[in-house]
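Encoded as structure tokens, the structure appears first; notes follow it.
Order of the sequence lines fixes the chain letters, A, B, ..., with proteins taken first and strands second; residue numbering starts at 1 for each chain. Computed from a predicted structure; not experimentally measured.
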2 protein chains.
Amino acid sequence: MGVVVTGLTIKEVSEKYDIPSETLRYYERVGIIPPVTRTPGGIRDYSDEDIAWVENAKCMRAAGLPIEALIEYLKLFREGDSTFQARLDLLSEQRELLLERQKQLNETINRLNYKISKYESAVKTGKLIWD
Amino acid sequence: MGVVVTGLTIKEVSEKYDIPSETLRYYERVGIIPPVTRTPGGIRDYSDEDIAWVENAKCMRAAGLPIEALIEYLKLFREGDSTFQARLDLLSEQRELLLERQKQLNETINRLNYKISKYESAVKTGKLIWD
DNA sequence: TATTGACTTTGAGTTAACTCAAAGTTGTAT
DNA sequence: ATACAACTTTGAGTTAACTCAAAGTCAATA
């Protein structure tokens with residue numbers, strides 16, 4: 001692979017995006033990325049489009065979107081233009097969930113900031129005020 | 001329970017904080033909250049302090065701090081004033097992780113915002129530009 | 001053309017964090 | 001005092017998302 005113009009091997013994608021090959025195959029198997037382009041021998045040969053799906057999966061999973069939602073999104077995508085509204089709904093719902101999570105995260109970070117400031121004094125004075 | 005001045009039963013705490021009783025017992029068993037005050041009969045009778053620990057556990061878990069870290073924190077807490085620095089380190093490390101997660105979350109929300117705006121046009125025009 | 005290393009599939013195993021079940025105990029309402 | 005719900009403990013089961021293993025296939029090199 002490399003004699004003619006091709007995409008990337010699974011190993012190259014794995015290294016570029018720091019996702020184990022096993023996980024890339026898993027993503028394809030369960031359907032959060034479409035079936036990847038193959039060489040005549042049946043070996044995965046990721047096209048730019050394939051890679052865009054990988055990138056998308058990585059980003060969405062990193063934020064905690066469930067596999068289920070990503071499967072549903074790809075399914076709708078492959079059903080074509082009649083599913084614009086359904087895809088919009090799905091993405092909106094997931095955004096709502098992320099916004100809630102963001103709020104919760106902020107709360108906890110604030111709480112941690114507070115505790116940390118207390119411990120910073122405590123380390124200096126030897127006495128912990130509150131908590 | 002209620003004839004004399006007491007704390008809350010596990011059921012009351014469960015309902016107040018929307019945490020299943022099973023999970024409250026689990027938290028105590030693994031050590032992310034200290035052993036709860038008991039009635040002479042051995043039944044849990046949550047004091048204000050106990051409840052503060054529950055609240056803390058709920059907040060930290062909601063943000064995704066691992067049980068392991070919370071167990072370690074409580075362990076240090078119970079070892080006394082000699083562990084201020086260790087507790088500070090632990091909390092700082094966890095805050096770092098949350099800040100990273102926050103960054104990732106923002107990225108993904110932005111990406112979703114972008115996609116959603118595309119789909120909003122698509123639903124109106126019947127044509128999806130990009131993606 | 002034979003070896004070697006990366007690839008393939010299918011299916012089982014792992015991990016974190018619960019969640020439930022079984023069997024026994026407690027306390028409150030009649 | 002007796003029934004009955006709510007409690008207890010111990011230990012097993014569940015879920016999501018990987019992660020690994022086994023056994024076979026392919027392709028670049030000597």
Side-chain angles (χ1 to χ4, degrees), chain A residues 1-4 6-33 35-46 50 54 56-74 94 97 101 104 108, chain B residues 1-4 6-33 35-46 50 54 56-74 94 97 101 104 108:
Chain A
M1 215 165 278
V3 175
V4 292
T6 63
L8 301 182
T9 65
I10 195 169
K11 190 167 191 226
E12 288 163 343
V13 176
S14 167
E15 279 165 6
K16 182 162 180 192
Y17 293 101
D18 196 31
I19 304 173
S21 308
E22 290 79 8
T23 301
L24 287 170
R25 293 193 202 96
Y26 167 73
Y27 282 176
E28 188 177 343
R29 175 157 53 85
V30 301
I32 83 175
I33 61 178
V36 169
T37 318
R38 305 289 180 124
T39 63
I43 301 220
R44 287 177 181 80
D45 179 29
Y46 290 79
D50 293 330
V54 169
N56 186 63
K58 180 177 172 144
C59 178
M60 296 299 152
R61 283 296 303 129
L65 267 79
I67 296 280
E68 268 302 309
L70 301 178
I71 291 172
E72 178 65 11
Y73 178 78
L74 178 54
Q94 292 303 318
L97 294 173
R101 200 173 307 181
Q104 175 61 62
T108 305
Chain B
M1 215 165 279
V3 175
V4 291
T6 63
L8 301 182
T9 66
I10 196 170
K11 191 169 191 225
E12 288 162 343
V13 175
S14 166
E15 280 164 5
K16 183 163 180 194
Y17 293 100
D18 196 30
I19 303 173
S21 308
E22 290 80 8
T23 301
L24 287 170
R25 293 194 202 97
Y26 167 74
Y27 282 175
E28 188 177 344
R29 176 157 53 85
V30 300
I32 83 175
I33 61 177
V36 168
T37 319
R38 305 289 180 125
T39 64
I43 301 218
R44 287 178 183 79
D45 180 28
Y46 290 79
D50 293 329
V54 169
N56 185 62
K58 181 180 171 139
C59 178
M60 296 298 151
R61 282 298 303 129
L65 267 79
I67 296 279
E68 268 302 308
L70 301 178
I71 291 172
E72 178 66 10
Y73 178 77
L74 177 53
Q94 292 303 318
L97 294 173
R101 199 173 308 181
Q104 175 61 62
T108 305

*asked:* Under a plain distance cut-off of 3.5 Å, with no hydrogens placed, do B/Thr37 and B/Asp50 share a side-chain donor-acceptor pair?
replied: yes
_Inter-residue atom distance A/Arg44.CZ - A/Leu24.CG, 0.5 Å rounding_ = 8.5 Å
*How many Å lie between CD1 on A/Ile32 and C1' on D/dA16, as a whole number?*
13 Å
*Between D/dC7, C/dT9, D/dA27, which nucleotide has the shortest distance from any of its atoms to the side chain of B/Ile10?*
D/dC7
*Is there a donor-acceptor contact under 3.5 Å from the side chain of A/Glu15 to the main chain of A/Glu12?*
no
*asked:* Under a 3.5 Å distance rule, please check whether B/Ser14 uses its side chain to pair with a backbone N or O of B/Ile19 as donor and acceptor.
replied: yes
*asked:* So, does B/Arg38 get its side chain near the phosphate of C/dT26, meaning an N or O under 4.0 Å from OP1 or OP2?
replied: no
_Just the rounded figure in Å: distance from C1' of D/dT25 to CZ of A/Arg44._
14 Å
*Just how far is it from atom OH of A/Tyr73 to atom CD of A/Gln94, taken to the nearest 0.5 Å?*
12.5 Å
*Show your reasoning for whether side-chain contact (heavy atoms from CB on, under 4.5 Å) applies to B/Leu74 and B/Ile32.*
CA-CA 6 Å; B/Leu74 177 53; B/Ile32 83 175; 5.5 Å; no
*Strand contacts (DNA chain D) in residues 18-30 of chain A, 4.0 angstrom heavy-atom criterion*: A/Glu22, A/Thr23, A/Tyr26, A/Tyr27, A/Arg29
_Rounded interatomic separation in angstrom, taking CD1 from B/Ile43 and C1' from C/dT25_ = 8 Å
_Expected output is a numbered-order residue list: members of residues 59-71 of chain B with a heavy atom under 4.0 Å from any atom of DNA chain C. What is it?_
B/Arg61, B/Pro66, B/Ile67
_Ion pair check, B/Arg38 and B/Glu28, cut-off under 4.0 Å_ = yes
*Within this structure, what is the CG-to-P distance between B/Leu8 and D/dA6, rounded to whole angstrom?*
17 Å
*Okay, side chain of A/Arg61, backbone of A/Leu65: is any donor-acceptor separation there less than 3.5 Å?*
yes
